[in-house]
4 protein chains.
Amino acid sequence: MSGEARPLRADAQRNRTRVLEAAEAVLARDGLSASMRAIAQKAGVGLGTIYRHFPTQEDLYRAIVTDRTRRLAEEAHTLSAAEDPGAAFFAFFTRIVVNAARNKPMADILVGSGVDPKAAMAEGAPDMRSAIETLLVNAQKAGAVRQDLRMPELLALLAGACLVAERNQWSDELRDRALGILFDGLRPNH
Amino acid sequence: MSGEARPLRADAQRNRTRVLEAAEAVLARDGLSASMRAIAQKAGVGLGTIYRHFPTQEDLYRAIVTDRTRRLAEEAHTLSAAEDPGAAFFAFFTRIVVNAARNKPMADILVGSGVDPKAAMAEGAPDMRSAIETLLVNAQKAGAVRQDLRMPELLALLAGACLVAERNQWSDELRDRALGILFDGLRPNH
Amino acid sequence: MSGEARPLRADAQRNRTRVLEAAEAVLARDGLSASMRAIAQKAGVGLGTIYRHFPTQEDLYRAIVTDRTRRLAEEAHTLSAAEDPGAAFFAFFTRIVVNAARNKPMADILVGSGVDPKAAMAEGAPDMRSAIETLLVNAQKAGAVRQDLRMPELLALLAGACLVAERNQWSDELRDRALGILFDGLRPNH
Amino acid sequence: MSGEARPLRADAQRNRTRVLEAAEAVLARDGLSASMRAIAQKAGVGLGTIYRHFPTQEDLYRAIVTDRTRRLAEEAHTLSAAEDPGAAFFAFFTRIVVNAARNKPMADILVGSGVDPKAAMAEGAPDMRSAIETLLVNAQKAGAVRQDLRMPELLALLAGACLVAERNQWSDELRDRALGILFDGLRPNH
DNA sequence: GATGAATGAGCTTTCATTCAT
DNA sequence: CATGAATGAAAGCTCATTCAT
């Protein structure tokens, strides 16, 4: 499971985290024109420190996706043990979209930078997909989601919702209306 | 000062078009690393010529969105006169998504380049929105679309579909399944 | 014979020359730590201008060897038509060594930079070798040079003399004494 | 401050040696792009350890020349006691050239790095020069070398031979032919 | 008007060197 | 004493933009 080299010295680990956080912040602020230098400044470390942890700009960007995905995967796991499978399914869907909206330009930037977010995501959470699948199957068994919904289109719709959410800063109300319609499409009995 | 600019000499107009086409092609090929020089080469004109027509890289990129939007708006107008308003509505929706899928990296690039695609789009087709609204209202009158659907969420869902389509090269089948579910959500009687 | 692309605009040609001269000067001054930026400054052009003419640092360095070799090859040609073949042979040998001495660190730098000076030299004067060979054969026919001397060792000794000359700033007297001994080895009747 | 430094603890001495050997190896492999880090890795010590022994990169490089020179000086001393002074003289000359050929890129690198090899060499073997001079004088007394040969030009020719040997990987045969001619020039009776 | 040579700010990346662990 | 994480100056190179031809 581990694979990770050695546990990293305490201060090194702290720097790694600071760099990742700074990178997210600066990317969110400056978009694609974010520079490694700006990230270093924001993180309060030297340029070289970034490159020690992430030998390449791309490595850093990939790490961001990976990190974020890991956090989402954990939520998915948690939710898949919930009582009401239908509620869990829709809650997770909403949760992901909200999360995406909060980090507006991230995906664009990553895509724009040549990072393949799908690959990076896979790396970050090899079982993210299966976690979602569990949520789906349970919700279908409970009759909360239409039987003919398959993973591919679910992921597509999920991705789409995330992408708009990222771009347009939705008001809560608009988000609820749009998701409401989408969820209607996902429910059985049509 | 001169209101709407003068009509442009024939060859100048031709150059403008060539540059725009080249720009779309090069952006599609090289993504974010596309350079003005590459575009000039592809267009078969000098670098200076591009800058005569588009004083700034951003101006060029904005013009691309604007142009494309104008073409879509024309289609919307055409369709809004169709016989079956419901069919017209869904056809336009599909049409836009297909169109988006064909130009995969465009939006990413534009977003990545700091161009605000919403603004550019608005500029390109001031009445795009109203054209879509006409399609919507007609479809609702015909009972083909649920009454409580409003423009904001329609546009949001439309945008979302376009964005996924751009990223993941959908198979026709997957696209139909995903849009099918979305359309179910848009229909009345839930 | 031409092969050269188009003839280069007047100012472009002038800049190319200025860059080459500046590069020689700066390399001679700063050795391997010479930077492209310093060369640009010395040449009085922008950094980009260098890169327009020489897409890579290595290309620039190669061009220096090539250029210099071309000049030497011209001298060799001139001398090979001289009256006294023996004198011509030794004069050229001396000439090359003196020339090398004047440009102290050049070869080191070029070698140090990964440029293969032999290859670059070949490129600069494809017939340099044959020009030297003519000088040698003529001198041998005139009985001024030993018959068993072949090109490989001649070139080796020539190169060696150049290399020391480059390093140690020889006094004229020392140079004459060292070359005198070398020339004694090259003469017949031993 | 303390005159000649104290004798170094056993393990410290071992580390010093390891670093020097690693440095030679890495320089030979990577040429000018060799880095202190790579040397540390090869030597199996930490970066800091190198800096403890050689406060500066230049100090390390200088130590390499110094070391190597010391070894050569020892050989010169040994040979100066040999039976046949002429043979000893030419043997040492050949020995040095062969040695140089084996360490091809070393001198280039050192020169390229701003180390003055002459100074470093002087430091390494203050009596190297006198050892060679002894060989020369003895050979001249034995009539194996021309009387008018003086140290400066001898050293120049020696250096030249070494330099070509370093660059062009001579075949044994070519080396013998070139040295043969050079030696003819060094012999008396012309 | 069109061309493309020139410019130079700014980018990513490397690496000698320092110093906390 | 040894280690290697951190630093940041400096390098090679790109590319939007300007302007002489």
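A note on names: the letters A, B, ... follow the listed sequences, proteins ahead of strands, and every chain is numbered from 1.
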> side chain to side chain donor-acceptor pair (under 3.5 Å) between E21(D) and T17(D): does it pass, once the steps are laid out?
Replying inline: CA-CA 6 Å; E21(D) 276 164 6; T17(D) 307; over 6 Å; no

>> If you apply the rule side-chain contact (heavy atoms from CB on, under 4.5 Å), what do you find for R29(A) with K42(A), and how did you get there?
In response: CA-CA 11 Å; R29(A) 172 160 48 82; K42(A) 178 82 173 184; 4.3 Å; yes

> Can you list the steps and then say if R14(C) with D11(C) is a salt bridge (charged side-chain N to carboxylate O under 4.0 Å, His left out)?
Replying inline: CA-CA 5 Å; R14(C) 202 188 55 237; D11(C) 56 341; 5.9 Å; no

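Note: I50(C) CD1 to L47(C) CG = 6.0 Å, rounded to the nearest 0.5 Å.
Straight-line distance from the CD atom of Q57(B) to the P atom of dT14(F): 17 Å, rounded to whole Å. If you measure from atom CZ of F54(A) to atom P of dT12(E), you get 15 Å, rounded to the nearest angstrom. Rounded to whole Å, the distance from CG on D59(A) to C1' on dT13(E) is 12 Å. Between L32(D) atom CG and dC15(E) atom P there is a gap of 11 Å when expressed in whole angstrom units. D11(A) places its CG atom 18 Å from the P atom of dT3(F), with the value rounded to the nearest Å. If you take OH of Y61(D) and C1' of dT17(E), they are 14 Å apart, rounded to a whole angstrom. Residue Y51(D) contributes atom OH, which lies 15 Å from atom P of dG4(F) at whole-angstrom precision. For the pair L60(D) CG and dT17(E) C1', the interatomic distance rounds to 14 Å; values are reported in whole Å.
When Watson-Crick and G-U wobble pairs are counted only if both distances are under 3.5 Å, dT21(E) pairs with dA2(F).
Put simply, the side chain of T49(D) never gets that close to the backbone of V45(D): no donor and acceptor are under 3.5 Å apart.
Of the residues near DNA chain E, A34(A) and A34(D), the one whose nearest nucleotide (by heavy atom distance) lies more toward the 5' end is A34(A). If you find the closest nucleotide of DNA chain F to T56(C) and to I50(A), the one lying nearer the 5' end belongs to I50(A).
Note on E24(D) versus R71(D): salt bridge recorded, some NZ/NE/NH1/NH2 to OD/OE distance being below 4.0 Å.
Within the structure, every side-chain polar atom (N or O) of N15(C) is placed at least 4.0 Å from both OP1 and OP2 of dA5(E).
For residues 36-49 of chain A, proximity to DNA chain E is found at M36(A), R37(A), L47(A), defined as any non-hydrogen atom under 4.0 angstrom from a strand atom.
Comparing dA5(E), dG1(E), dC11(E) by their nearest atom to the side chain of R52(B) picks out dG1(E). Between dA6(F), dC15(F), dA2(E), one nucleotide has an atom nearer to the side chain of H53(A) than all others, and that is dA6(F).
The two residues D30(A) and S33(A) have their closest heavy-atom pair at O-OG, 2.9 Å.
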